[in-house]
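Chain A is the first sequence line, chain B the second, and so forth, proteins listed ahead of strands; every chain is numbered from 1. All figures in this text were calculated on a predicted structure; none of them were measured in a lab.
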Amino acid sequence: MNVVFAVKQYISKMIEDSGPGMKVLLMDKETTGIVSMVYTQSEILQKEVYLFERIDSQNREIMKHLKAICFLRPTKENVDYLIQELRRPKYSIYFIYFSNVISKSDVKSLAEADEQEVVAEVQEFYGDYIAVNPHLFSLNILGCCQGRNWDPVQLSRATQGLTALLLSLKKCPMIRYQLSSETAKRLAECVKQVITKEYELFEFRRTEVPPLLLILDRCDDAITPLLNQWTYQAMVHELLGINNNRIDLSRVPGISKDLREVVLSAENDEFYANNMYLNFAEIGSNIKNLMEDFQKKKPKEQQKLESIADMKAFVENYPQFKKMSGTVSKHVTVVGELSRLVSERNLLEVSEVEQELACQNDHSSALQNVKRLLQNPKVTEFDAARLVMLYALHYERHSSNSLPGLMMDLRNKGVSEKYRKLVPTVVEYGGKRIRGSDLFSPKDAVAITKQFLKGLKGVENVYTQHQPFLHETLDHLIKAKLKENLYPYLGPSTLRDSFLEEVLASGLHSRSKDSSQVTSRLASRR
Amino acid sequence: MCKKCMELISLPLANKLTSASKDSLSTHTSPSQSPNSVHGSRRASISSVSSVSSVLDEKDDDRIRCCTHCKDTLLKREQQIDEKEHTPDIVKLYEKLRLCMEKVDQKAPEYIRMAASLNAGETTYSLEHANDLRVEVQKVYELIDALSKKILTLDLKQDPPPHPNTLRLQRMIRYSATLFVQEKLLGLMSLPTKEQFEELKKKRKQEVERKKILERRAALESQRRLEERRSDLVSHATNGEVVSLRGGPAPLRKAEGWLPLSGGQGQVEDSDPLLQQIHNITSFIRQAKAAGRMDEVRTLQENLRQLQDEYDQQQTEKAIELSRRQAEEEDLQREQLQVLREREREREREQFQAASLHTRTRSLDFREIRPFQLEPGREPRNHLAHALDLGCSPAQSSVAPKTPSPSSALEPIRLWSGPPALGQEFFPQSTTSQHNEVPSLNPFDEEDLSSPAAEGTASPPAAEPPLSPPACVLKEYNPFEEEEEEEAVAGNPFTSPDSPAPSPFDEEDGHPPQRPSGPPVPGSPFEEAPCTNPFEVDSESGQEDEEPIEEELLLQQIDNIKAYIFDAKQCGRLDEVEVLTENLRELKHTLAKQKRGTD
């Protein structure tokens, strides 16, 4: 159940199978992303893979002394490229791996193209998704729906991604989906279809409790993605944007050249791995420790390494020092930028009101706070629009709803049409009419008591009061309390008492934005 | 087939196609581990081709008829064959490079095991062998570096410059080779020099012997206790004192101070079954090594280590027991021996300092070079000395306090190479030590015995403070720069080998600056043996011998730093380059200085 490991295994296997000698890795756009998420360049270099090429690149030279490892998605274009490649081979021998199930006819046409008999191997290795963290993957789809319906292309991509995931983890699951969402149902059906069709592939050792695939639609909880986050990874993603572990820092004022783009990967960066789920305050102190630690090791200019012994120590520590200096400057820059943005955008105050809107039910106080913030010039139009969206979602049907007034305020603040339009859109997308469950007013007694107690004791941290709805859903699922009328099984569910073994998104870190990204793969955020 | 669409293949080509494919079949198998399917199909095609040719051969025509499609395919095949036969330079170089890398992967772990063992003073591996291996591995590294550089610059100057992809490939190979060297080379620890190894061995042996002796003395002790206390208790108390002072295994260090005296006791070893076993295993290892069974050597080595640990522990326990008993005994003697013991203790402590300092020096092999640079750490100390004793010149004043102490006689050889870090580390304490020694400053010029006595007033727990004087001494005793002091110390042992504490300043001028000066063992007035044969030990660890090795280390270090600079430049970390360049300059400076010193 570790997607990073699963993909990494596939890649290592490919490289090993090709034997010794210089190699080139031939990929398409998507598989390039898939590989780069789990392997660093220096790691892969040590396995004698020296070149990385795109199959669609026309500028490739004939290098018969190289072996080619092709890792491609089994798309029509890729098969065509490959056919061209095999007709005029540029490399001595080809090891071909498809990231998903490939049709027999495609294999046949490849075989026909291989006149010079350069293909040594053709296999399916199901690494057809971007492994972000051990328990989180993404398909990097932007806008998978048109209105409330699937974009057919994306539906098939999502199906492929999910089935590849199941195959790479060797799971043949029961499927449940969110009844209120037609898209969730469609996807569930498609996955089921593939499992039925490729039943031979899905013949894994049966576990006593069958694994479960739960498909949710983001429209069930439109609140979570609208909130500012305060844990490291989530903040970076929210404020700077993480794209395949890469962060673009080019807009940071006064950034040095080599820090324009940095990579944050928990696989290779211990500090990041230890801190990605910690909140901002903790990171601040941890980074201070990191700095101090570094300062101790760093040779100071005036210190001059006085003796041979000093020098020897320096030299011995050098690689470590080097690595550390990279880590330190990276994280200091990133955290520095985060804290700059927090103060520039007045995010602490904004977040406090966001949390109030998400977790409390005091309409007049909330309205007052939103109004106050809308007057604040430091609050960006983006944050302002989000506040109004949250208000609109929460107090959609409140008797003294003053959304029109807030919309006026937005206009007066100079928030652009683009953002203002989002307010009605988000209500339409994730409003009460759509939601299958109630986000704001707890229904069962336990939850009511909980909220009551919370009100009595006060909250520990005003910025992290909100718990994503996913948390509750998973909690119910684990306790076998997830209602079947809301989340039915697909097909005849013979195993009524089947118990949860897995969910695609890890519930523990669901506060992290990326986790919500997973569940939101069914629907774009707006 | 009509004439229009008919193509002809000449027989030589047909022969080439058939024969070459047979060749390629055999060559193909080894380099690439392609599955059999490839061969299978190829074999099929060969047979078909040859059957065609055989059929047509009968026709006695020197050409073969075939259609355009077949001709295309056959020509492609010919091209393929040609490609297969041609190995580009880059592949040749690359194969060599990979071989070297494999060699490193093979040899480096072996070397690391050896070096670790040797640095621990074990004699399981021979130093020469390890040195050879080191050189061998380093040669391979150089080769890797050279080969990858060659790959990097391959065809670079060709007229149509190589395709960017080719250049990229070459760069990547070079980069990965650099990564490889960086990663592996740094794991290669340095070996002790011959002298250092001798020291390490001796130390280890002494450790063993020391335990032996402790053991023996335990027996002797009990015997002696039955007798009346005699005057020889003095020396007895000496040793006992140290034990009780330091307690536990620590006395081992002190061992060096006086052990050469009892150097002839090595034979006792075999009396202990454990030791016997250790000897056996050692010889097994030697045999296994001779037979080239590295695996077994390793296992045996492991055994040996366990045995040695066990033995160490046993001895330590004995030592503790002994020291306890001695402490009891000494309580009885305390009153009558008060004065004598005070003095004795003073000697002991100094010996111990010397010894412990020595051990430290040895374990930090790189530090030897240090004394050639004059470190800032010395300055303040001089000032201090100055402040305390305005009568002397700074240099003299810091030396003066130590010279009377017999241990300083040992300094020139061993302690001149003392670690500067140590000196600095102890700097705060040196203040106290200076205070302690103020009284002894004057006694110096007058009478020898008074100084130990004066120093003896320092409380026993203050075993540390005296450490700094030797540290100071070593700095002053740069044999190449400050002849005067050297003479002074060198003079010591020879002027009055018999007198307990020679007063060097009275006699210093009368003696020629003999270089292999002080004996390693301090001329403790109560132990005369070391004083009488100072030359014996000298030859072992003369300064001249150490010199070139230091230089070698320096050079090596310079090379290392250069490599780092290169790397840092490559990665564009300019601030690091700066620091490193600074270091390099300093190192070079040191080297030059040292050379001047030798010349």
**Request:** Under the salt bridge (Lys or Arg N to Asp or Glu O under 4.0 Å) rule, collect the residues that match up with A:K330, sequence neighbours excluded.
**Result:**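 Salt bridge (Lys or Arg N to Asp or Glu O under 4.0 Å) check on A:K330 returns A:D269.
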
**Prompt:** Is there a side-chain hydrogen bond (donor to acceptor under 3.5 Å, both in side chains) between B:S176 and A:Q46 once you walk through the steps?
**Reply:** CA-CA 6 Å; B:S176 85; A:Q46 286 175 0; over 6 Å; no

4.5 Å side-chain heavy-atom contact, [X] and [Y]:
X      : Y      : value
B:L169 : A:H65  : yes
A:N59  : B:H163 : yes
B:K76  : A:E115 : yes
B:M172 : A:M22  : no

**Asked** Taking atom CG of A:L51 and atom OG1 of B:T166, what is their separation to the nearest 0.5 Å?
**Response**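 Reported value, rounded in 0.5 Å steps: 8.5 Å.
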
**Asked** Between A:E53 and B:R168, is there a side-chain N and carboxylate O pair less than 4.0 Å apart?
**Response**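 The answer is yes: the pair qualifies as a salt bridge.
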
**Message:** Counting only heavy atoms not in A:K47 (residues, nucleotides, ligands), do more than 12 fall under 6.0 Å from its NZ?
**Reply:**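 For A:K47, atom NZ is crowded (more than 12 foreign heavy atoms under 6.0 Å).
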
**Asked** Quick check: are there more than 12 heavy atoms from other residues, nucleotides or ligands sitting under 6.0 Å from CD of A:E270?
**Response**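 Result for CD/A:E270: open.
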
**Item:** Residues of residues 88-96 of chain B within contact distance of chain A, non-hydrogen under 4.5 Å
**Value:**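 Counting heavy atoms that sit under 4.5 Å from chain A, the residues of residues 88-96 of chain B involved are B:P88, B:I90, B:V91, B:Y94.
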
**Item:** side chain to side chain contact (heavy atoms under 4.5 Å, CB included) between A:Q116 and B:Q79, worked out
**Value:** CA-CA 10 Å; A:Q116 303 195 22; B:Q79 197 192 345; 5.6 Å; no

